[in-house]
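We count ligands from 1, going down the list as the structure has it; atoms in each ligand are counted the same way.
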Amino acid sequence: MSRHCLLLLLLTTTLLAFATLTAGASAPTVETLNGTYVGRYVPDYNQDFFLGVPFAQPPVGPLRFANPRSLNTSFGGTRQATEYSVECVGYGSDQWGFNVSEDCLYLNVVRPSNYADYDEPLPVGIWIYASLGGSFVEGGSPDQRYNLSFIVQNSVEIGKPFIGVSFNYRLSAWGFMASGQLAGEGSTNMGLRDQRLALHWIQENIGAFGGDPTKVTIWGESAGGMSVGFHLVAYNGRDDGLFRAGIMESGNSIQWNGMYTADYFDGAYQALVDNVGCTSAADVLACLRMTPFDTINAAVNTTNASVWFPVIDGDFIAKLASYQLEAGDYVHVPIICGTNTDEGTAFGPIGINTTAQFLQVLEEGSIHPYTPLAPALAEEIIDVYPDDPCVGIPEDLGCTRLNDILGLQWRRTSAYAGDATFIAGRRYQCEVFAAGGNTAYCYRFNTLPNGVPIEVGVTHFQEVAFVFDNTDGYGYDVSPDPFAGVPESYFALAKLMSRSWASFIHDLDPNSFRASGAYVEEGTPLWPAYDVGSPLDIVWDANVTGLAWVEPDTFRAEGINTIISYNRAFRR
Ligand SMILES: *[C@@H]1O[C@H](CO)[C@@H](O)[C@H](O)[C@H]1NC(C)=O
Ligand SMILES: *[C@@H]1O[C@H](CO)[C@@H](O)[C@H](O)[C@H]1NC(C)=O
Ligand SMILES: *[C@@H]1O[C@H](CO)[C@@H](O)[C@H](O)[C@H]1NC(C)=O
Ligand SMILES: *[C@@H]1O[C@H](CO)[C@@H](O)[C@H](O)[C@H]1NC(C)=O
Ligand SMILES: *[C@@H]1O[C@H](CO)[C@@H](O)[C@H](O)[C@H]1NC(C)=O
Ligand SMILES: *[C@@H]1O[C@H](CO)[C@@H](O)[C@H](O)[C@H]1NC(C)=O
Ligand SMILES: *[C@@H]1O[C@H](CO)[C@@H](O)[C@H](O)[C@H]1NC(C)=O
Ligand SMILES: *[C@@H]1O[C@H](CO)[C@@H](O)[C@H](O)[C@H]1NC(C)=O
């Protein structure tokens, strides 16, 4: 070998060694129970991402339409965890732009890179995604509207660092198909059980990431908030030690659409079975599990077979939550629980012009609670939700009565629909938790983002971009960027909310960051804990000095009390 060649060889070897060294220094690794994952260091946020980490056996073949199974194999060497996984199969705009698959049970960890600088392992905040107004048919953890980087960055800036986690769970028929036959083999509420399995995986493995498994907060909005509500009462309120707090945004333990047992869906199930050619199979479930994905997907997507709800199965969902809350059968932990001022415009009937028309939709059960109401109860609702625009929603419209396709009584029917969907349940959950000795922080979000018409108002989902401090509007490709052209105070409100959430995840106290010297605008009130004798909400409002104010949680008391008492009657 010539001297030249030797030099070249030496040089190459040195370069290679250097490259290996730098890659080793910048690519974080973590040893889970099953093997070692290599994540990605993201200098812009000084964060480590571990994306697309499996937490369950792929729910395919014999595991389709079945409860999820825990991972039971380990691997040698290392595996990459640097890119988001696909989304679960779902139906609607949340799935646009994403690849979907049945094999979708993966989670993501977003960790401050300096996690080891702190004296103790970090608390953990787990985001459970939304799904079109609580329908469990679409959504996914790679969705950039749920980008955890900014809230985790806020948590570091205020000295309340936490590790953010998000995961996928099965949707629509894939996660919630129900029938007497499926219930017979114990397969129920699969999508919720996916979430539960992810929580178990996090208990077993988050320590390896630098997280503290005893300091987990579960957190979600809409179907995600409902999911947190379900975990709070799961297995009749048994405390499996999976979390120490819950955050419910526009969702709670009380199910607005009532609850059914699995056999309620027998008709829809049979139609699907017939559609995919499994009618005369000796083992119908085996047939469903062997049928090609495309065949089932086509049947789900082109018929009415995409909407399935969690069911009362006497196991994961033991009873109607209102009974459990009343009896104290829930996991006793601190909560944040809130709703938006004009929630109901997303859930109300459109085009109601007369009281007779409102009565009719209540009595035929075509609006919440989606069960025909006895005439006396319908009359009572008419009375407690008067036809007076001044007390209707959207609140911002003052006393104006709309006169267009939304209907002359839009403001009345929307007020009812929002209360029946999430607001009454929110108030009840705050009352029960506070009365049961659990700290409850309750809120009303009252800021109209860019792009939302005033007749829609501060509707469902609008607080999400604020909580995530997503002021660049990542992920808002289908709907308008909520922060485009809005006043400076909107940005300040996003910081305030995001930091309050981070403080709660870190300390169970949304106010704690203020004591640590982080900047808070003058005039911002403390967020009071709920007190049943004198119930208070914080109102997040970018249009007032201090960005928030505190109000008695007594608005529309008569209407909300009526809904709370009728909700207890529904077990279908
Ligand atoms: C794999 O990981 C799961 C989840 O943490 C754990 O329950 C299981 O024991 C592990 N199995 C093996 C063989 O490593
Ligand atoms: C893991 O569980 C599956 C059932 O889902 C089973 O078929 C397989 O044999 C198990 N593997 C091991 C290594 O235990
Ligand atoms: C979807 O999958 C295809 C094929 O693997 C790939 O080329 C494409 O980049 C993926 N799209 C997204 C948005 O991940
Ligand atoms: C959040 O968005 C920023 C900007 O697009 C991106 O660099 C970062 O990777 C995202 N974080 C996560 C956890 O997806
Ligand atoms: C369902 O059908 C719509 C409309 O044809 C299509 O855009 C979408 O990709 C389909 N979804 C799935 C999961 O196949
Ligand atoms: C879906 O259900 C609605 C309401 O029950 C019904 O009017 C409609 O015909 C159904 N569509 C299909 C494709 O089955
Ligand atoms: C109520 O009035 C609006 C506007 O004229 C109309 O579009 C709508 O169909 C009416 N609703 C009913 C139930 O007649
Ligand atoms: C607050 O101010 C914005 C912008 O000035 C305005 O569009 C909105 O209607 C106001 N009210 C609420 C409830 O956000």
Query raised in the report: Using the benzene-type ring in the case of Trp, are the ring centres of Phe176 and Phe309 under 6.0 Å apart?
Result: no
Query raised in the report: Taking Glu102 for the side chain and Val60 for the main chain, is one N or O donor matched with an acceptor at less than 3.5 Å?
Result: no
For ligand 2, run through the N/O pairs with the protein that fall under 3.5 Å and put one pair on each line.
unit_1: ligand 2; atom_1: 2 (O); unit_2: Gln57; atom_2: NE2; d: 3.2
unit_1: ligand 2; atom_1: 2 (O); unit_2: Asn72; atom_2: ND2; d: 2.4
unit_1: ligand 2; atom_1: 5 (O); unit_2: Gln57; atom_2: OE1; d: 2.8
unit_1: ligand 2; atom_1: 5 (O); unit_2: Arg69; atom_2: NH1; d: 3.1
unit_1: ligand 2; atom_1: 11 (N); unit_2: Asn72; atom_2: ND2; d: 2.8
unit_1: ligand 2; atom_1: 14 (O); unit_2: Asn72; atom_2: ND2; d: 3.2

Query raised in the report: Considering only heavy atoms, does Asn403 approach ligand 7 within less than 4.0 Å through its side chain, its backbone, both, or neither?
Result: neither
Requested in this report: Report yes or no: do Asn34 and Thr32 form a side-chain donor-acceptor pair below 3.5 Å?
Outcome: no
Query raised in the report: N/O of Ile352 under 3.5 Å from N/O of ligand 7, yes or no?
Result: no
Query raised in the report: Under 4.0 Å from any heavy atom of Trp201, which atoms of ligand 1 are there?
Result: 4 (C), 5 (O)
Report task. Please find out if less than 6.0 Å separates the ring center of Phe316 from that of His231. Result -> yes
Report task. Using a strict cut-off of 4.0 Å, indicate which atoms of ligand 1 neighbour a heavy atom of Asn205. Result -> 4 (C), 5 (O)
Query raised in the report: Which of the atoms in ligand 7, numbered in the order shown and given with their element, are less than 4.0 Å from a heavy-atom of Ile405?
Result: 7 (O)
Query raised in the report: Hey, do the aromatic rings of His460 and Phe422 have their centres closer than 6.0 Å?
Result: yes
Query raised in the report: For ligand 7, which atoms have a heavy atom of Gly351 less than 4.0 angstrom away?
Result: 1 (C), 10 (C), 11 (N), 12 (C), 13 (C)
Report task. Taking the six-membered ring for Trp and the single ring otherwise, decide whether the centroids of His368 and Tyr370 are under 6.0 Å apart. Result -> yes
Query raised in the report: Is the ring centre of Trp308 less than 6.0 Å from the ring centre of Tyr269?
Result: no
Query raised in the report: Can Arg412 be said to sit on top of Tyr416's aromatic six-ring, NZ or CZ under 6.0 Å from centre and within 45° of the ring axis?
Result: no
Query raised in the report: Tell me, which pairs form a salt bridge (Lys or Arg N to Asp or Glu O under 4.0 Å) where one or both residues lie in residues 376-389, sequence neighbours left out?
Result: Asp387-Arg401
Query - Pairing of Arg238 and Asp240 as salt bridge, 4.0 angstrom limit - result: yes
Query raised in the report: Counting each atom of ligand 1 from 1 as listed, which ones have a heavy atom of Glu204 under 4.0 Å away?
Result: 3 (C), 4 (C), 5 (O), 6 (C), 7 (O)
Requested in this report: Output yes when the distance from some N or O of ligand 7 to some N or O of Asp404 is under 3.5 Å, and no in every other case.
Outcome: no
